[in-house]
Colleague: 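The following block contains the structure, expressed as C-alpha coordinates.
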Protein chains: 2
Amino acid sequence: MPRNDKQVRLWVEGQLRAAGLKVTPQRYAVLDYLWSNRTHPTAEEIEAAVNQRFPCASRATVYNTLHALHEAGLVQELYGQGGVTRYDIKVEPHHHFICRRCGLIEDVKVERLSVKARLPLQSGHRVEELDVVIRGLCAKCRKIAEG
Amino acid sequence: MPRNDKQVRLWVEGQLRAAGLKVTPQRYAVLDYLWSNRTHPTAEEIEAAVNQRFPCASRATVYNTLHALHEAGLVQELYGQGGVTRYDIKVEPHHHFICRRCGLIEDVKVERLSVKARLPLQSGHRVEELDVVIRGLCAKCRKIAEG
DNA sequence: ATAACCGTTTAGACTTAATCTAATTTACGT
DNA sequence: ACGTAAATTAGATTAAGTCTAAACGGTTAT
Ligand SMILES: [Mn+2]
Ligand SMILES: [Mn+2]
Ligand SMILES: [Zn+2]
Ligand SMILES: [Zn+2]
(Lines give C-alpha, C1' and ligand atoms only; values in the text may rest on other atoms or scores of the structure.)
(Ligands and ions follow the chains in the order given, each with its own letter.)
Protein backbone atom coordinates (compact mmCIF):
# COMPACT_ATOMS: atom_id res chain seq x y z
CA MET A 1 0.00 0.00 0.00
CA PRO A 2 1.63 3.25 -1.17
CA ARG A 3 2.31 5.98 1.38
CA ASN A 4 3.89 8.92 -0.42
CA ASP A 5 3.22 10.62 -3.77
CA LYS A 6 5.95 8.75 -5.61
CA GLN A 7 4.68 5.40 -4.36
CA VAL A 8 1.13 6.32 -5.35
CA ARG A 9 2.36 7.21 -8.84
CA LEU A 10 4.10 3.88 -9.23
CA TRP A 11 1.14 1.99 -7.78
CA VAL A 12 -1.36 3.69 -10.10
CA GLU A 13 0.80 3.14 -13.17
CA GLY A 14 1.40 -0.44 -12.18
CA GLN A 15 -2.30 -1.10 -11.75
CA LEU A 16 -3.07 0.35 -15.17
CA ARG A 17 -0.33 -1.66 -16.88
CA ALA A 18 -1.37 -4.83 -15.07
CA ALA A 19 -4.86 -4.31 -16.47
CA GLY A 20 -3.43 -4.08 -19.98
CA LEU A 21 -4.24 -0.40 -20.30
CA LYS A 22 -1.97 2.24 -21.75
CA VAL A 23 -0.92 4.80 -19.17
CA THR A 24 -2.44 8.06 -20.32
CA PRO A 25 -2.62 11.31 -18.33
CA GLN A 26 -6.40 11.00 -18.29
CA ARG A 27 -6.44 7.50 -16.88
CA TYR A 28 -3.75 8.38 -14.41
CA ALA A 29 -5.71 11.39 -13.20
CA VAL A 30 -8.93 9.43 -12.75
CA LEU A 31 -7.37 6.52 -10.87
CA ASP A 32 -5.21 8.82 -8.76
CA TYR A 33 -8.31 10.83 -7.86
CA LEU A 34 -10.21 7.71 -6.85
CA TRP A 35 -7.23 6.56 -4.81
CA SER A 36 -7.19 9.69 -2.73
CA ASN A 37 -10.93 10.42 -2.63
CA ARG A 38 -13.01 7.63 -1.13
CA THR A 39 -16.20 9.69 -1.27
CA HIS A 40 -18.06 7.63 -3.89
CA PRO A 41 -18.01 10.44 -6.46
CA THR A 42 -20.14 10.58 -9.59
CA ALA A 43 -18.59 10.65 -13.06
CA GLU A 44 -19.41 14.34 -13.23
CA GLU A 45 -17.61 15.03 -9.95
CA ILE A 46 -14.61 13.06 -11.13
CA GLU A 47 -14.53 14.96 -14.42
CA ALA A 48 -14.72 18.29 -12.64
CA ALA A 49 -12.00 17.39 -10.13
CA VAL A 50 -9.67 15.98 -12.74
CA ASN A 51 -10.01 19.03 -14.99
CA GLN A 52 -9.60 21.59 -12.24
CA ARG A 53 -5.99 22.50 -13.01
CA PHE A 54 -5.45 21.60 -16.67
CA PRO A 55 -8.54 20.47 -18.52
CA CYS A 56 -7.39 17.16 -19.88
CA ALA A 57 -10.22 14.66 -19.85
CA SER A 58 -13.45 14.85 -21.79
CA ARG A 59 -16.65 13.38 -20.48
CA ALA A 60 -16.41 10.44 -22.86
CA THR A 61 -12.91 9.66 -21.65
CA VAL A 62 -13.93 9.79 -18.01
CA TYR A 63 -16.64 7.24 -18.74
CA ASN A 64 -14.34 5.13 -20.91
CA THR A 65 -11.74 5.10 -18.18
CA LEU A 66 -14.18 4.27 -15.40
CA HIS A 67 -15.61 1.41 -17.45
CA ALA A 68 -12.15 0.07 -18.22
CA LEU A 69 -11.16 0.27 -14.56
CA HIS A 70 -14.40 -1.44 -13.59
CA GLU A 71 -13.83 -4.28 -16.01
CA ALA A 72 -10.29 -4.62 -14.69
CA GLY A 73 -11.75 -5.07 -11.22
CA LEU A 74 -10.09 -1.90 -9.91
CA VAL A 75 -13.24 0.12 -9.47
CA GLN A 76 -16.66 -0.67 -8.10
CA GLU A 77 -19.81 0.87 -9.52
CA LEU A 78 -22.58 1.79 -7.09
CA TYR A 79 -26.05 2.04 -8.56
CA GLY A 80 -28.53 3.90 -6.44
CA GLN A 81 -31.66 5.99 -6.35
CA GLY A 82 -31.63 8.85 -8.80
CA GLY A 83 -30.00 6.94 -11.60
CA VAL A 84 -26.57 8.40 -10.99
CA THR A 85 -23.76 5.89 -10.83
CA ARG A 86 -21.08 6.43 -8.19
CA TYR A 87 -17.57 5.09 -8.31
CA ASP A 88 -15.39 3.57 -5.62
CA ILE A 89 -11.84 2.31 -5.78
CA LYS A 90 -11.62 -1.35 -4.84
CA VAL A 91 -8.63 -1.46 -2.54
CA GLU A 92 -10.25 -3.74 -0.02
CA PRO A 93 -13.70 -5.31 -0.03
CA HIS A 94 -16.34 -3.46 1.96
CA HIS A 95 -20.05 -2.82 1.95
CA HIS A 96 -22.16 0.33 2.17
CA PHE A 97 -24.70 2.08 4.31
CA ILE A 98 -26.99 4.43 2.39
CA CYS A 99 -29.32 6.90 4.08
CA ARG A 100 -32.68 6.93 2.36
CA ARG A 101 -33.30 10.53 3.30
CA CYS A 102 -30.09 12.46 2.59
CA GLY A 103 -28.29 9.95 0.39
CA LEU A 104 -25.20 9.66 2.60
CA ILE A 105 -23.01 6.74 1.57
CA GLU A 106 -20.75 5.28 4.22
CA ASP A 107 -18.34 2.39 4.05
CA VAL A 108 -19.07 -0.63 6.22
CA LYS A 109 -16.11 -2.85 7.04
CA VAL A 110 -16.68 -6.50 6.20
CA GLU A 111 -15.95 -7.40 9.81
CA ARG A 112 -19.14 -5.66 10.89
CA LEU A 113 -21.18 -7.93 8.69
CA SER A 114 -21.22 -11.68 8.53
CA VAL A 115 -22.39 -12.81 5.13
CA LYS A 116 -22.32 -16.47 4.34
CA ALA A 117 -23.73 -17.64 1.05
CA ARG A 118 -24.63 -21.28 0.62
CA LEU A 119 -22.68 -21.52 -2.60
CA PRO A 120 -22.56 -22.32 -5.38
CA LEU A 121 -26.24 -21.78 -6.03
CA GLN A 122 -28.00 -24.94 -7.18
CA SER A 123 -28.70 -23.25 -10.47
CA GLY A 124 -25.14 -23.57 -11.73
CA HIS A 125 -24.50 -19.86 -11.69
CA ARG A 126 -20.97 -18.75 -10.94
CA VAL A 127 -20.82 -16.36 -8.01
CA GLU A 128 -18.14 -13.71 -8.32
CA GLU A 129 -19.14 -10.97 -5.97
CA LEU A 130 -21.44 -10.12 -3.07
CA ASP A 131 -22.67 -6.56 -2.70
CA VAL A 132 -24.47 -5.68 0.49
CA VAL A 133 -26.27 -2.39 0.86
CA ILE A 134 -27.57 -1.47 4.28
CA ARG A 135 -30.40 1.03 4.00
CA GLY A 136 -31.87 3.19 6.69
CA LEU A 137 -31.58 6.60 8.30
CA CYS A 138 -28.25 8.15 9.24
CA ALA A 139 -27.87 9.51 12.76
CA LYS A 140 -28.53 13.05 11.58
CA CYS A 141 -31.67 12.26 9.57
CA ARG A 142 -32.85 10.02 12.38
CA LYS A 143 -32.92 12.95 14.77
CA ILE A 144 -34.84 15.06 12.27
CA ALA A 145 -37.32 12.27 11.55
CA GLU A 146 -37.82 11.30 15.19
CA GLY A 147 -38.30 14.94 16.11
CA MET B 1 -51.99 -15.05 0.67
CA PRO B 2 -54.70 -14.76 -2.01
CA ARG B 3 -55.33 -17.70 -4.32
CA ASN B 4 -58.10 -16.76 -6.74
CA ASP B 5 -58.88 -13.59 -8.70
CA LYS B 6 -61.40 -12.29 -6.21
CA GLN B 7 -59.00 -12.74 -3.31
CA VAL B 8 -56.27 -10.99 -5.25
CA ARG B 9 -58.61 -8.08 -5.91
CA LEU B 10 -59.46 -7.76 -2.25
CA TRP B 11 -55.83 -8.12 -1.23
CA VAL B 12 -54.64 -5.46 -3.68
CA GLU B 13 -57.38 -3.03 -2.68
CA GLY B 14 -56.69 -3.66 0.99
CA GLN B 15 -52.97 -3.02 0.55
CA LEU B 16 -53.66 0.27 -1.22
CA ARG B 17 -56.13 1.43 1.43
CA ALA B 18 -53.81 0.38 4.24
CA ALA B 19 -51.15 2.57 2.66
CA GLY B 20 -53.53 5.51 2.69
CA LEU B 21 -53.86 5.56 -1.07
CA LYS B 22 -57.09 5.98 -3.00
CA VAL B 23 -57.97 2.91 -5.01
CA THR B 24 -57.78 4.02 -8.63
CA PRO B 25 -57.88 1.75 -11.69
CA GLN B 26 -54.29 2.76 -12.49
CA ARG B 27 -52.94 1.86 -9.09
CA TYR B 28 -54.93 -1.32 -9.05
CA ALA B 29 -53.55 -2.33 -12.44
CA VAL B 30 -49.94 -1.67 -11.47
CA LEU B 31 -50.07 -3.51 -8.16
CA ASP B 32 -52.04 -6.39 -9.64
CA TYR B 33 -49.48 -6.68 -12.42
CA LEU B 34 -46.60 -6.76 -9.94
CA TRP B 35 -48.44 -9.34 -7.88
CA SER B 36 -48.71 -11.75 -10.77
CA ASN B 37 -45.42 -10.95 -12.56
CA ARG B 38 -42.33 -11.48 -10.44
CA THR B 39 -39.99 -10.76 -13.35
CA HIS B 40 -38.50 -7.51 -12.05
CA PRO B 41 -40.03 -5.40 -14.82
CA THR B 42 -39.01 -1.86 -15.70
CA ALA B 43 -41.44 1.04 -15.46
CA GLU B 44 -41.72 0.95 -19.24
CA GLU B 45 -42.62 -2.73 -19.24
CA ILE B 46 -45.19 -2.16 -16.53
CA GLU B 47 -46.70 0.73 -18.47
CA ALA B 48 -46.93 -1.35 -21.65
CA ALA B 49 -48.46 -4.34 -19.89
CA VAL B 50 -50.99 -2.29 -17.96
CA ASN B 51 -52.11 -0.42 -21.09
CA GLN B 52 -52.38 -3.48 -23.29
CA ARG B 53 -56.18 -3.78 -23.18
CA PHE B 54 -57.50 -0.35 -22.32
CA PRO B 55 -54.89 2.37 -22.16
CA CYS B 56 -55.46 3.75 -18.72
CA ALA B 57 -52.19 4.80 -17.16
CA SER B 58 -49.85 7.52 -18.36
CA ARG B 59 -46.12 7.33 -17.82
CA ALA B 60 -46.27 9.88 -15.01
CA THR B 61 -48.93 7.87 -13.23
CA VAL B 62 -46.95 4.65 -13.50
CA TYR B 63 -44.00 6.38 -11.86
CA ASN B 64 -46.19 8.11 -9.27
CA THR B 65 -47.78 4.80 -8.38
CA LEU B 66 -44.50 2.91 -8.19
CA HIS B 67 -43.02 5.59 -5.95
CA ALA B 68 -46.07 5.58 -3.70
CA LEU B 69 -45.98 1.81 -3.43
CA HIS B 70 -42.26 1.95 -2.72
CA GLU B 71 -42.74 4.45 0.07
CA ALA B 72 -45.52 2.31 1.47
CA GLY B 73 -43.05 -0.58 1.63
CA LEU B 74 -45.04 -2.67 -0.85
CA VAL B 75 -42.56 -2.50 -3.69
CA GLN B 76 -38.79 -2.81 -3.86
CA GLU B 77 -36.72 -0.81 -6.33
CA LEU B 78 -33.71 -2.52 -7.90
CA TYR B 79 -31.00 -0.24 -9.20
CA GLY B 80 -28.62 -1.84 -11.63
CA GLN B 81 -26.24 -1.35 -14.49
CA GLY B 82 -27.73 0.65 -17.36
CA GLY B 83 -29.53 3.13 -15.17
CA VAL B 84 -32.90 1.43 -15.53
CA THR B 85 -34.76 0.83 -12.30
CA ARG B 86 -36.62 -2.45 -11.94
CA TYR B 87 -39.55 -3.09 -9.62
CA ASP B 88 -40.36 -6.05 -7.44
CA ILE B 89 -43.36 -6.68 -5.21
CA LYS B 90 -42.33 -7.18 -1.60
CA VAL B 91 -44.37 -10.17 -0.52
CA GLU B 92 -41.55 -11.89 1.26
CA PRO B 93 -37.95 -10.78 1.76
CA HIS B 94 -35.44 -12.20 -0.69
CA HIS B 95 -32.20 -11.29 -2.38
CA HIS B 96 -31.04 -11.30 -5.99
CA PHE B 97 -28.54 -12.89 -8.31
CA ILE B 98 -27.62 -10.73 -11.32
CA CYS B 99 -25.66 -12.02 -14.30
CA ARG B 100 -23.08 -9.48 -15.36
CA ARG B 101 -23.20 -10.64 -18.95
CA CYS B 102 -26.88 -11.05 -19.89
CA GLY B 103 -28.49 -9.12 -17.05
CA LEU B 104 -30.61 -12.03 -15.77
CA ILE B 105 -32.13 -11.27 -12.40
CA GLU B 106 -33.06 -14.24 -10.23
CA ASP B 107 -34.56 -14.37 -6.78
CA VAL B 108 -32.45 -15.88 -4.03
CA LYS B 109 -34.34 -17.21 -1.03
CA VAL B 110 -33.11 -15.83 2.27
CA GLU B 111 -32.49 -19.36 3.49
CA ARG B 112 -29.70 -19.75 0.95
CA LEU B 113 -27.87 -16.80 2.42
CA SER B 114 -27.00 -16.06 5.98
CA VAL B 115 -26.50 -12.35 6.45
CA LYS B 116 -25.94 -11.10 9.94
CA ALA B 117 -25.14 -7.48 10.54
CA ARG B 118 -23.42 -6.57 13.78
CA LEU B 119 -25.95 -3.92 14.51
CA PRO B 120 -26.70 -1.23 15.27
CA LEU B 121 -23.70 0.36 13.60
CA GLN B 122 -21.62 2.33 16.07
CA SER B 123 -22.42 5.45 14.08
CA GLY B 124 -25.97 5.74 15.38
CA HIS B 125 -27.53 5.06 12.03
CA ARG B 126 -30.86 3.25 12.02
CA VAL B 127 -30.79 0.14 9.89
CA GLU B 128 -34.05 -0.60 8.13
CA GLU B 129 -33.16 -2.92 5.31
CA LEU B 130 -30.44 -5.20 3.97
CA ASP B 131 -30.16 -5.65 0.22
CA VAL B 132 -27.82 -8.33 -1.00
CA VAL B 133 -26.91 -8.62 -4.66
CA ILE B 134 -24.96 -11.66 -5.77
CA ARG B 135 -23.11 -10.93 -8.98
CA GLY B 136 -21.56 -13.38 -11.37
CA LEU B 137 -22.27 -15.40 -14.48
CA CYS B 138 -25.47 -17.37 -14.95
CA ALA B 139 -25.17 -21.00 -16.01
CA LYS B 140 -25.84 -20.13 -19.65
CA CYS B 141 -23.32 -17.29 -19.87
CA ARG B 142 -20.83 -19.39 -17.95
CA LYS B 143 -20.86 -22.00 -20.68
CA ILE B 144 -20.38 -19.36 -23.35
CA ALA B 145 -17.56 -17.68 -21.44
CA GLU B 146 -15.79 -20.91 -20.48
CA GLY B 147 -16.06 -22.15 -24.06
C1' DA C 1 -78.51 10.71 -4.35
C1' DT C 2 -75.81 15.04 -4.56
C1' DA C 3 -72.21 17.92 -3.89
C1' DA C 4 -67.86 19.43 -2.95
C1' DC C 5 -63.15 18.64 -1.82
C1' DC C 6 -58.73 17.35 -2.60
C1' DG C 7 -55.92 13.75 -4.11
C1' DT C 8 -54.95 11.78 -8.68
C1' DT C 9 -54.32 11.53 -13.60
C1' DT C 10 -52.73 13.36 -17.89
C1' DA C 11 -50.02 14.80 -22.26
C1' DG C 12 -46.28 16.47 -23.46
C1' DA C 13 -42.39 19.42 -22.62
C1' DC C 14 -38.25 19.14 -20.15
C1' DT C 15 -33.88 17.54 -17.72
C1' DT C 16 -29.75 15.14 -17.75
C1' DA C 17 -26.85 10.80 -17.10
C1' DA C 18 -24.76 8.26 -20.27
C1' DT C 19 -23.69 6.79 -25.04
C1' DC C 20 -22.24 7.33 -29.76
C1' DT C 21 -19.49 8.98 -33.75
C1' DA C 22 -15.96 9.94 -36.76
C1' DA C 23 -11.98 12.75 -36.94
C1' DT C 24 -7.63 13.58 -34.40
C1' DT C 25 -4.03 12.55 -31.28
C1' DT C 26 -0.90 9.66 -28.62
C1' DA C 27 1.41 5.78 -26.10
C1' DC C 28 4.51 2.31 -26.82
C1' DG C 29 6.91 -1.72 -29.07
C1' DT C 30 10.07 -2.07 -32.74
C1' DA D 1 12.36 8.10 -34.84
C1' DC D 2 8.52 5.44 -36.79
C1' DG D 3 4.17 3.04 -37.44
C1' DT D 4 0.15 1.47 -35.73
C1' DA D 5 -3.35 0.20 -32.80
C1' DA D 6 -5.35 2.31 -28.97
C1' DA D 7 -7.10 6.33 -26.83
C1' DT D 8 -9.09 11.01 -26.75
C1' DT D 9 -12.23 14.53 -28.24
C1' DA D 10 -16.37 17.82 -29.07
C1' DG D 11 -20.60 17.66 -29.87
C1' DA D 12 -24.76 15.36 -31.25
C1' DT D 13 -27.82 11.88 -29.60
C1' DT D 14 -30.59 8.73 -26.68
C1' DA D 15 -33.72 7.67 -23.22
C1' DA D 16 -35.00 7.15 -18.09
C1' DG D 17 -37.23 9.83 -15.28
C1' DT D 18 -39.27 14.40 -13.74
C1' DC D 19 -42.23 18.34 -13.98
C1' DT D 20 -46.36 21.26 -14.92
C1' DA D 21 -50.84 23.06 -14.84
C1' DA D 22 -55.24 21.77 -16.25
C1' DA D 23 -58.88 18.17 -16.01
C1' DC D 24 -60.64 14.37 -13.61
C1' DG D 25 -62.68 11.29 -10.21
C1' DG D 26 -62.65 8.63 -5.35
C1' DT D 27 -64.22 9.46 -1.08
C1' DT D 28 -66.78 11.44 2.53
C1' DA D 29 -70.35 14.33 4.42
C1' DT D 30 -74.73 15.89 3.87
MN1 LIG E 1 -17.07 2.51 -0.47
MN1 LIG F 1 -37.07 -10.41 -6.70
ZN1 LIG G 1 -29.24 11.03 6.22
ZN1 LIG H 1 -26.19 -14.59 -18.10
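Quick note: numbers below take in every heavy atom, side chains included, and nothing from hydrogens, waters or symmetry partners. Note that the structure is predicted; figures quoted are calculated from it, not measured. Naming convention: chains lettered A, B, ... in sequence-line order (proteins, then strands); numbering from 1 in each chain.
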Colleague: Would you mind telling me which residue lines up with the more 5' stretch of DNA chain D, Leu21(B) or Gly82(B), judged by nearest nucleotide?
Modeller: Gly82(B)

Colleague: In whole angstroms, how far is the P atom of dT9(D) from the CZ atom of Phe54(A)?
Modeller: 15 Å

Colleague: For side chain to side chain contact (heavy atoms under 4.5 Å, CB included), just list the numbers for Leu78(B) and His40(B), CA-CA rounded to whole Å, side-chain angles, deciding distance to a tenth of an Å, and then say yes or no.
Modeller: CA-CA 8 Å; Leu78(B) 299 176; His40(B) 313 99; 3.6 Å; yes

Colleague: Sort out for me which residue in Ile46(A), Thr42(A), Thr39(A) forms a side-chain contact (heavy atoms from CB on, under 4.5 Å) with Arg86(A).
Modeller: Thr42(A)

Colleague: Which one, dA5(D), dA18(C), dT9(C), comes nearest to the side chain of Tyr63(A)?
Modeller: dA18(C)

Colleague: In whole Å, I'd like the distance from the CD atom of Glu71(B) to the C1' atom of dG7(C).
Modeller: 15 Å

Colleague: What nucleic acid atoms does Pro55(B) come within less than 4.0 Å of, heavy atoms only: base, sugar-phosphate, or nothing?
Modeller: nothing

Colleague: Please tell me which of the listed nucleotides, dC28(C), dT19(C), dT8(D), lies nearest to the side chain of His67(A)?
Modeller: dT19(C)

Colleague: Which one, dA16(D), dA27(C), dT9(C), comes nearest to the side chain of Gln26(B)?
Modeller: dT9(C)

Colleague: Whether the Asp88(A) and His96(A) side chains hold a donor-acceptor pair (N or O, under 3.5 Å, no angle test) is what I'd like checked.
Modeller: yes

Colleague: Nearest heavy atom decides the nucleotide; on that basis, is Thr42(A) or Arg27(B) closer to the 5' end of DNA chain C?
Modeller: Arg27(B)

Colleague: For residues Tyr79(B) and Glu77(B), is any side-chain donor paired with an opposing acceptor at under 3.5 Å?
Modeller: yes

Colleague: Taking the side chain of Arg59(B) as heavy atoms from C-beta outward, which of dT18(D), dT27(D), dA11(C) is closest to it?
Modeller: dT18(D)

Colleague: Could you work out which one of dA16(D), dT10(C), dG17(D) sits closest to the side chain of Thr61(B)?
Modeller: dT10(C)

Colleague: Write down the distance between CD (Glu44(B)) and P (dA16(D)), rounded to a whole number of angstrom.
Modeller: 5 Å

Colleague: Give a yes or no answer on whether the side chain of His125(A) reaches the backbone of Ala139(B) with a donor-acceptor pair at less than 3.5 Å.
Modeller: yes

Colleague: Grab the CD-P distance between Glu45(A) and dT16(C) for me, whole Å please.
Modeller: 15 Å

Colleague: Whole angstroms only, please: what is the CD-C1' distance between Gln81(B) and dA15(D)?
Modeller: 17 Å

Colleague: Using whole Å, report how far CZ of Arg17(B) lies from P of dG7(C).
Modeller: 17 Å

Colleague: Of all the choices, dA27(C), dT9(C), dT10(C), which nucleotide is nearest to the side chain of Ala60(B) once you look at every atom?
Modeller: dT10(C)

Colleague: dA16(D) P sits how many Å from Arg86(B) CZ, rounded?
Modeller: 11 Å

Colleague: Quick check on DNA chain D: between Thr24(B) and Tyr87(B), whose nearest nucleotide comes earlier from the 5' end?
Modeller: Tyr87(B)

Colleague: Please state how far atom CG in Asn64(B) lies from atom C1' in dG7(C), giving the value in whole angstrom units.
Modeller: 11 Å

Colleague: Does dA17(C) have its OP1 or OP2 closer than 4.0 Å to a side-chain nitrogen or oxygen of Thr85(A)?
Modeller: no

Colleague: Kindly point out which of dG17(D), dC28(C), dA12(D) is positioned nearest to the side chain of Val23(A)?
Modeller: dC28(C)

